[in-house]
Amino acid sequence: MLYPTPLLCRAAPARLLLGPGCSRWLSLSCPRQVVMPAWVINRYGQNNVLRLANNMVLPFIRLPNEVIIRVHAASLNPIDVNMRSGYGAAALNIRRDPLKIKTTGNEFPLILGRDVSGVVMECGLSVSCFKPGDEVWAAIPPWKQGTLSEFVVASGNEVSLKPKGLSHTEAAALPYVGLTAWSAMNQTGGLNQNNCAGKRILIVGASGGVGTFAIQLMKAWGAHVTAVCSQDAKSLVTKLGADDVIDYKSGDTEEQLKLLPLFDFILDNVGGSTEKWALHFLKRWSGATYVTLVTPFLLNMDRLGVADGMLQTGITMSTKAVKHLCKGVHYRWAFFTPSGIFLDEIAELVNSGKWWNGERVGVKPVESRT
């Protein structure tokens, strides 16, 4: 049986002599660490670097605002595949060890996985919003050990109570993509439930995890949504609420968009050549905003080093922002942001019934095994 805290193995009692005719029996204890299974990598590479380790040290609380979660379900995102290959290692290692005290490669063995749905096992002294036994969900930042394990440690401000209407399996599919979309639309783009009514939103790459979340979020906030995806995903995005669907495989996407009114906001999940034409479909001099999730931030640091990479990133971002601002539109980058507060708001939408679930399209949820 695994326990969430280190155990003590008790040694034979010993007698402590305090003086003539006076002694006391003491129990001497030595700390023993408990282990757990986890999927880890010991070096960067392809799928062959993954291995199931049964002797990973059980995580423990280091800070008073942390909680230990027993993982009931976890999910994979593209970032996990990219991190397996070393994507973002330069920046993430700086975040893990800002003073460079540890040796190179000390991040290994590295546990991947960002999403988690599970049960709180133990809380730090300053955690007041959760207690052992609470069902929670979270997205763990990429610089921390991940969720493809039996237990994971998270900061209390990264955790939220799991929506009651979702199983652990369903809940584990949502936090990372949900927080990424929320960061792009709300934190970076400035959209919220009070200013979205009647706005026209274009989502490029609408059938992926972030895109499907963004559709539902915008519809819950009253916006008009146009989704760009392939024909085979049209049924899905329509059921999620998309008002117009553009099939990028059936013809020139630009020509199809020219038949529609201009947009107030564009979320780009694709990047590349999309950026060259997408901004032409924004309303000029009206506060319209283009937000992309495909940025060179981590790649620049991997390729050029942290200092030169950050400098190059800053130059690129500022140049593009000024260039498009002169044309009457806002150009911005967005990134995943771990936040229990944002997950609370997402959970409210799910619990209120304003969110898609598998039964609406005939998908039977599969419960995870614990």
Side-chain angles (χ1 to χ4, degrees), residues 129 137-139 157-166 171 174-206 208-228 237-246 257 260-269 278-279 281-293 321 324-325 327-357 360:
C129 297
W137 62 346
N157 56 12
E158 298 165 355
V159 179
S160 171
L161 293 175
K162 179 180 74 68
K164 297 179 181 178
L166 299 183
L174 195 55
Y176 186 83
V177 294
L179 289 173
T180 302
W182 192 283
S183 173
M185 314 292 280
N186 178 261
Q187 295 302 105
T188 304
L191 301 178
N192 57 60
Q193 59 184 347
N194 299 318
N195 66 9
C196 272
K199 285 193 173 180
R200 292 183 53 79
I201 311 296
L202 174 64
I203 300 175
V204 183
V210 174
T212 53
F213 183 97
I215 292 172
Q216 296 172 89
L217 181 62
M218 291 297 95
K219 294 307 298 180
W221 287 351
H224 180 285
V225 176
T226 299
V228 177
V237 299
T238 300
K239 289 178 179 178
L240 294 179
D243 300 285
D244 297 314
V245 180
I246 302 295
L257 288 172
L260 302 176
L262 296 176
F263 298 95
D264 299 285
F265 184 95
I266 296 177
L267 174 64
D268 184 1
N269 299 299
L279 285 98
F281 296 98
L282 287 173
K283 299 176 182 177
R284 295 181 182 275
W285 308 110
S286 64
T289 304
Y290 167 90
V291 175
T292 179
L293 291 166
H324 292 294
L325 186 60
K327 297 180 180 180
V329 297
H330 297 285
Y331 174 97
R332 295 172 183 168
W333 291 350
F335 304 91
F336 158 74
T337 303
S339 172
I341 294 176
F342 295 162
L343 280 177
D344 287 342
E345 298 191 48
I346 294 170
E348 288 183 13
L349 289 171
V350 175
N351 288 329
S352 67
K354 296 181 180 179
W355 217 256
W356 168 83
N357 61 62
R360 281 183 53 187

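In this chain, numbering begins with 1 at the start of the sequence shown.
- With sequence neighbours excluded, no residue forms a side-chain hydrogen bond (donor to acceptor under 3.5 Å, both in side chains) with K199.
- Listed for the N192 side chain is a donor-acceptor partner under 3.5 Å among the backbone atoms of N195.
- No side-chain donor-acceptor contact under 3.5 Å links T289 to the backbone of H330.
- Judged by distance alone, the side chain of S160 and the main-chain N or O of W137 form no donor-acceptor pair under 3.5 Å.
- Every residue two or more places apart in sequence or in another chain was checked for a side-chain hydrogen bond (donor to acceptor under 3.5 Å, both in side chains) with W221, and none qualifies.
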Trace of the side chain to side chain contact (heavy atoms under 4.5 Å, CB included) decision for I246 with L260: CA-CA 10 Å; I246 302 295; L260 302 176; 4.1 Å; yes

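- A donor-acceptor pair under 3.5 Å links the side-chain atoms of N351 to the main chain of A347, judged by distance alone.
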Criterion side chain to side chain contact (heavy atoms under 4.5 Å, CB included) on L240 and V225, from CA distance to verdict: CA-CA 10 Å; L240 294 179; V225 176; over 6 Å; no

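- Judged purely by atom type and a 3.5 angstrom limit, S352 uses its side chain to pair as donor or acceptor with the backbone of L349.
- Not a single donor-acceptor pair under 3.5 Å links the side chain of D264 to the backbone N or O of A288.
- A ring pair (Phe, Tyr, Trp, His ring centres under 6.0 Å) with H324 is found for exactly one of Y290, Y331, W285, namely Y331.
- Taking H224 as the reference, R200, T226, D243, D244 meet the side chain to side chain contact (heavy atoms under 4.5 Å, CB included) condition, with sequence neighbours excluded.
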F265 vs V291, side chain to side chain contact (heavy atoms under 4.5 Å, CB included): CA-CA, chis, key distance, verdict: CA-CA 8 Å; F265 184 95; V291 175; 3.7 Å; yes

